[in-house]
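Being a predicted model, the structure only gives us computed values, none of them experimental. Within every chain, numbering begins at 1; the chains are lettered A, B, ... in the order of the sequence lines, protein sequences first and strands thereafter.
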2 protein chains.
Amino acid sequence: MSKQAVVDALCCPPLSERRVPAETAAALAPALKALGDPVRLQLMSMIASAEGGEICVCDLTPAFDLTGPTISHHLRTLREAGLVDADRRGTWVYYRARPTVLHQLAALLTVVPTGTDATPAARSECS
Amino acid sequence: MSKQAVVDALCCPPLSERRVPAETAAALAPALKALGDPVRLQLMSMIASAEGGEICVCDLTPAFDLTGPTISHHLRTLREAGLVDADRRGTWVYYRARPTVLHQLAALLTVVPTGTDATPAARSECS
DNA sequence: TGTCTGATTCGACAGACGTCGAGACAGTGT
DNA sequence: ACACTGTCTCGACGTCTGTCGAATCAGACA
């Protein structure tokens, strides 16, 4: 995952503070795109809000009116966007959120009060 | 724009605090999808960070290696997602950011420290 | 080993998306 | 009225996406 490495290396000036450079846009857009589907947004939320920090695919699949392969496809998309991580434990596969990219997106979308001045309060911590 | 009304009416429990309901996901996903393209992410940033709060299409178009119609198409997508507003003033058309949806997205993507507890500091103001 | 269950991959299909060129529309200025 | 400039709409194109059923892979357990 070389793209993942790029995402990890970038950091988070709010979108409304200065123009986001092409490379940052290219690196972060795939994560936004991955969350830009209602099913994946719910999946992401279920994973991120899961008790114990992880959730089994077997709990994810029945929550939607979709087939197993389709859910699997959406989970793969989230995985490739660097938003979640999976690991198999015995028969079941568990998914866990990766907060790093989520942090970056939240910081990017933070709106500073007025157009041009830099407000430090708007900056969330970033690796 | 009935979808826009829905977006405006919704509000912002962080994605990682509790599972986002299907209706919220359906309402917010289009905005994330709209930002999930590198060109549109840069356009959004240029608009949101513009001096005076607005920017002319004639300043947007030459910043990309794309034709006018293509930029126009992307701007329409942002407009339909409720992220920007346009108005024509004489020959030129100016675009302005709508912070409401951006606020909601930032709040949604905010990651609360540990899986289950609600942290009030993570909540940004929301109309 | 064989079989069963859970999850992923593969192949296919309809629909959506990003891009372009050509044409239409809106305002300005002659 | 006419021409010019800036922006948008339309139609077309190849590509990507979401979905499914069928097949495959990974472990568990007889």
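Atom CG of B:Asp59 and atom C1' of D:dT5 are 15 Å apart (whole Å). Rounded to an integer number of Å, the gap from A:Ile71 CD1 to C:dG6 P is 16 Å. Atom-to-atom, OH of B:Tyr94 to P of D:dG6 comes out at 12 Å; the value is rounded to the nearest Å. Between B:Leu43 atom CG and D:dC8 atom C1' the separation is 15 Å, expressed in whole Å. As rounded to whole Å, 14 Å separates atom C1' of C:dT8 from atom CG of A:Leu60. For the pair B:His74 NE2 and C:dC17 P, the computed distance is 12 Å after rounding to whole Å. Look at CG on A:Asp37: it is 18 Å from P on D:dC16, rounded to the nearest Å. Atom CH2 of A:Trp92 is separated from atom C1' of C:dG6 by 8 Å (rounded to the nearest Å).
Side-chain atoms of A:Thr110 do not come within 3.5 Å of backbone N or O of A:Pro14 as any donor-acceptor pair.
The residue from B:Ile55, B:Thr61, B:Asp37, B:Leu60 that alone fulfils the side-chain contact (heavy atoms from CB on, under 4.5 Å) condition with B:Leu43 is B:Leu60.
Regarding contacts with the backbone of C:dC20, every side-chain N or O of B:His73 stays at 4.0 angstrom or more from both OP1 and OP2. Under 4.0 angstrom from either OP1 or OP2 of D:dC8 there lies at least one side-chain N or O belonging to B:Tyr95. Considering only side-chain N and O atoms, A:Ser72 lies nowhere under 4.0 angstrom from the phosphate OP1 or OP2 of C:dA7. Within the structure, a side-chain polar atom (N or O) of A:Lys33 is placed less than 4.0 Å from OP1 or OP2 of D:dT17. Proximity of A:Arg76 to the phosphate of C:dT9: a side-chain N or O atom is located under 4.0 Å from OP1 or OP2. OP1 or OP2 of D:dC20 lies within a sub-4.0 Å distance of a side-chain N or O belonging to A:Thr67. Between B:Arg40 and C:dG18 there is a side-chain N or O to OP1 or OP2 distance below 4.0 Å. The shortest distance between the side-chain N/O atoms of A:Thr70 and the OP1/OP2 oxygens of D:dC20 is below 4.0 Å.
Closest contact between the side chain of A:Thr91 and the listed nucleotides D:dC8, D:dA28, D:dG21 involves D:dA28. Nearest to the side-chain atoms of B:Arg88 among the listed nucleotides C:dG27, C:dT19, D:dA22 stands C:dG27. The side chain of A:Leu66 approaches D:dC20 more closely than any other nucleotide in the set C:dT5, D:dC20, D:dG6. The listed nucleotides are C:dT8, D:dC8, D:dT5; the one nearest the side chain of A:Leu75 is C:dT8. Comparing D:dT7, D:dT5, C:dT9 against the side chain of A:Arg79 picks out C:dT9 as the nearest.
Considering every non-hydrogen atom in both B:Leu75 and B:Val84, the closest pair reads O-CG2, 4.3 Å. A:Ala97 and A:Met44 make their closest contact through CB-CE, 3.9 Å (heavy atoms, listed as atom of the first residue, atom of the second, distance). Smallest separation of non-hydrogen atoms from B:Ala26 and B:Pro30: O-CD, 3.1 Å.
Toward the 5′ end of DNA chain D lies the nearest nucleotide of B:Gly68, the other residue of the pair B:Gly68 and A:Asp65 mapping further downstream. In terms of position along DNA chain D, the nucleotide closest to A:Val39 lies nearer the 5' end than the nucleotide closest to the other residue of the pair A:Arg89 and A:Val39.
At the heavy-atom level, B:Gly90 lies under 4.0 Å from the strands shown only through sugar-phosphate atoms.
Geometric assessment of B:Arg76 against the ring of B:Tyr95 yields a negative cation-pi assignment under the 6.0 Å and 45° thresholds.
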